[in-house]
Amino acid sequence: MPRPTPHGRKAAKAPGFKPAKKGPKGFKADGAAKNRWSDDKRAAYGKGPRKQWEPREDRSSRDDRAPRRDDRTDRAPREGGYERRDDYRSDAPRRSDAKGRNFTAYEPREGGFGGRAPRNVERGTESRGYDNRGERPSGDRERRPFNRDDRSRDDRGGFKREDRGGFKRDDRGAGRDDRGFNREDRGERRTFNRDERPERGPRKEYRPARAYDAAPRPKWEPRAERKPWDRPERPNREDRPRFQRDDRRDGVPADERTWRDDKPRFERDDKPRFQRDDKPRFEREERRSFDRREDRPASENLDQMSWEATELGEVDDSAVVATEGFAALGVPTKLVAALDKQGITSPFPIQTATIPDAIAGRDVLGRGQTGSGKTLGFGLPMLTRIAAAESTGGAPRGLVLVPTRELALQCADVLAPLAKTLRLDLTLIAGGMGYGPQLRAFERGVDIVVATPGRLIDLLEQGAVDLSQVLVTVLDEADHMADLGFMPAVTTLMDTVPSDGQRLLFSATLDGAVDKIVKKYLHDPITHEVDSDRASVTTMEHVLLHVPPHEKNLITAEIANREGRSVLFCRTQMGTNRVAEQLRAAGVMAGALHGGLTQGARTRILAAFKDGSVPVLVATDVAARGIHVDDVTLVLEIDPPMNHKDYLHRAGRTARAGTKGVVASICLPHQRRSMLRLLGAAGVKAEQLNAHPGEEELADKTGARPVDGVPIEDAEYERIIAPKRGGGARGPRQGGSRGGFGGRSQGGGYRGQGGGGRRFGGDRDRDRDRDRDRGGRGGFDRAGGGRSNNSEGWRRDR
DNA sequence: AAAAAAG
């Protein structure tokens, strides 16, 4: 059969078309047809007559060639009766997968694996040229015209085996195969002989991933074996100093104690250690912790902090003009004078909008951009109304609920002096602080409560609080309080306060989740939105930094090393610890703030940030909302926020009340799409920048400076963070470190068991500190077992 | 699946 001409080939495709007998041989470059020579002409040029094409001698029978590895004779023919691989291609077993797609199990390529399709082959032409198998086995099956490494299967998702850390094929020696089929049949990579192995570049030099520290990693050395006789001599049991509780409480840090009484604290007397008790174990534990809480002095053991209302002193309201500023909104002259004394004279838009309605007693939904003065927006009307109402003899009449302890502190600090001028008592109820003051406050009588939900419910269950007289309830950061994790607590409290009271909901972002609360608890609410909830703070500049992963740490450090105060946001507690440590190692004074620290540590680091001794705060979203620190000129998002609301709240830590600020977000390549979408949803027009360490552009935008790399010693940092005597935060001992910060450096990392393990003896509080430090939830968490603390909420949602 | 909120 003659070789098909181009025409003949094309023609054969069209159904029912008879190919021309003899087309031109081909076409010259100018388009002229190439004609075949007649036999005469061939003879004239010294060529013989044209030969007919003949099939090559069939050499495919086995006997004619050297045996190959995959010639298996010891195996029965496959189902279907074929023996040769070539045979089963056309009618190979078809399968359907779970989604109903059909595919052929596996088709080895004739050309081997190194081959490549010719460039000019179009998909869909009858013969693909690069293999001569003839018809495709299945017409509807898409087949890629290039050579795919069938092993990779990267279109299926998931990982390749090597990525999962499994064994590497090449480890097993070339050609070795003991699993029945050869590798190509299994869809695995072909093995190479030594000399046909593809060329590889020179071996890359290993570069350590350690970012900053130039000091060489200390070499591991085996610890000297300690024999019993090497141990320091221990005094006799009777001679050892016995620490009574009082000794422990003050002065002597756990690490400096020479000996610890090895009996557990609660069984110090002569009871046998493991006393049998007919009560089940958990009940015994319950009772013990209850005893402890009752007995415990406020500052004992826990790194707590205390709060006291600040006073403004006497204010003179004689000069207040009733038609100006706050007075015109209906705020009593006493309050106006008190505000004036603090330099607050003219109301912000959100305040102008909400105060009159709220004073009139309406339910208000208030939305104002971050840093726009929402606290006074609900605080002033609440105070006004309560001052005007008749006393209830000590039961609280105002309730402000906030999502974090810091925010509760801040809110109480703002409102307490104002309340004082109206002779109202305001108290702060929040977790992580002593029960004593809070219980006493309620005994004394309270007018206004600023609280985080958890502790307030705790006190409610103890019967210490009576919320039946509450006139005004405020939800600050309402959309956050409507979050899944908060919702149960919030509804509990909202159900407890009288249903005919006034409710005020405030946040910078209000959304769908709030609607549930609004529908259930608000009566005929009026909504005041002085701005859109999208980014509208004009003094805020947004920069999106595209950063290669290996430069992220250095860029973070350089930006943190800028002048002025910066807040850095991370996603996890551990992340903040790590970044803060890295920054200090690079010579930038930075501290971590997250909910896993003791309350004292949290308060101290925030105080250090506010007074400027620690200019860089690395925080989780605990600091994302509401926290006000003056002159924060940059917010850096080290990890992207969960959603656009979080972005706006984080960003709102800077550019507050009309000041300027930059919001920079680090964006790794894989975060681009989500980050851009998020910025779009936030309504942010961010400038994008390919950032690299040391580049001028980065410095222009963020003020980044190179780091000097001289590490800040832990001791130096701890000196700043250490509990100040007589300060607002009281620790269990003087000097040194104990709370959330000393634990790791002194405790030698994560030594020992998890917090839940040690039931008796030891210092439970210290255990918990360490647990908190490493971001885990210790064994004291109700949720227990390291489970997410809102896992119930998620489950309910499903 | 993080973080926050009670101990």
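In this text, all values refer to a predicted model and were calculated from it rather than measured experimentally. In what follows, chains are A, B, ... by sequence order, proteins preceding strands, each numbered from 1.
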Separation of atom [atom1] in [X] from atom [atom2] in [N], rounded to whole Å:
{"X": "A:Asp621", "N": "B:dA5", "atom1": "CG", "atom2": "P", "value": "12 Å"}
{"X": "A:Glu477", "N": "B:dA4", "atom1": "CD", "atom2": "P", "value": "15 Å"}
{"X": "A:Gln573", "N": "B:dA4", "atom1": "CD", "atom2": "C1'", "value": "9 Å"}
{"X": "A:His480", "N": "B:dA4", "atom1": "NE2", "atom2": "C1'", "value": "6 Å"}
{"X": "A:Met487", "N": "B:dA5", "atom1": "CE", "atom2": "C1'", "value": "15 Å"}
{"X": "A:Glu406", "N": "B:dA5", "atom1": "CD", "atom2": "P", "value": "7 Å"}
{"X": "A:Tyr647", "N": "B:dA2", "atom1": "OH", "atom2": "P", "value": "24 Å"}
{"X": "A:Ile627", "N": "B:dA4", "atom1": "CD1", "atom2": "C1'", "value": "12 Å"}

Worksheet item: Considering residues at least two apart in sequence or located in another chain, which fulfil the salt bridge (charged side-chain N to carboxylate O under 4.0 Å, His left out) criterion with A:Asp476?
Response: none

Fill in: Sequence-distant partners of A:Asp413, salt bridge (charged side-chain N to carboxylate O under 4.0 Å, His left out), two or more places apart
none

Discussion item. Could you work out, with side-chain hydrogen bond (donor to acceptor under 3.5 Å, both in side chains) as the rule, every residue matching A:Gln469, not counting sequence neighbours?
Written reply: none

OP1 or OP2 of [N] sitting under 4.0 Å from any side-chain N/O of [X]?
{"X": "A:Arg455", "N": "B:dA5", "value": "no"}
{"X": "A:Thr620", "N": "B:dA2", "value": "no"}
{"X": "A:Arg405", "N": "B:dA6", "value": "yes"}
{"X": "A:Arg602", "N": "B:dA5", "value": "yes"}

Fill in: Any A:Met494 side-chain heavy atom under 4.5 Å of A:Thr473 side chain
yes

Worksheet entry | Inter- and intrachain pairs under ring pair (Phe, Tyr, Trp, His ring centres under 6.0 Å), touching residues 456-497 of chain A, at least two apart |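 Every ring pair (Phe, Tyr, Trp, His ring centres under 6.0 Å) pair that includes a residue of residues 456-497 of chain A, provided the two are not neighbours, is A:His480-A:Phe486.
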
Worksheet entry | Given B:dA2, B:dA6, B:dA4, the nucleotide with the shortest approach to the side chain of A:Asp458 | B:dA6

Worksheet item: Nearest of B:dA4, B:dA2, B:dA6 to any side-chain atom of A:Arg571?
Response: B:dA2

Between side-chain atoms of residues 669-684 of chain A and protein atoms elsewhere (two or more places apart, or another chain), which donor-acceptor pairs fall under 3.5 Å?
from: A:Gln671; atom 1: OE1; to: A:Leu668; atom 2: N; distance (Å): 2.9
from: A:Arg672; atom 1: NE; to: A:His546; atom 2: ND1; distance (Å): 3.2
from: A:Ser674; atom 1: OG; to: A:Gln671; atom 2: O; distance (Å): 3.1

Discussion item. Take N1-N3 plus N6-O4 or O6-N4 for Watson-Crick, N1-O2 plus O6-N3 for G-U, both under 3.5 Å. Which runs of 3 or more such pairs involve DNA chain B?
Written reply: none

Worksheet item: Quick one: is the NZ or CZ of A:Arg604 closer than 6.0 Å to the six-membered ring centre of A:Phe609, and within 45° of its axis?
Response: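 No cation-pi geometry.
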
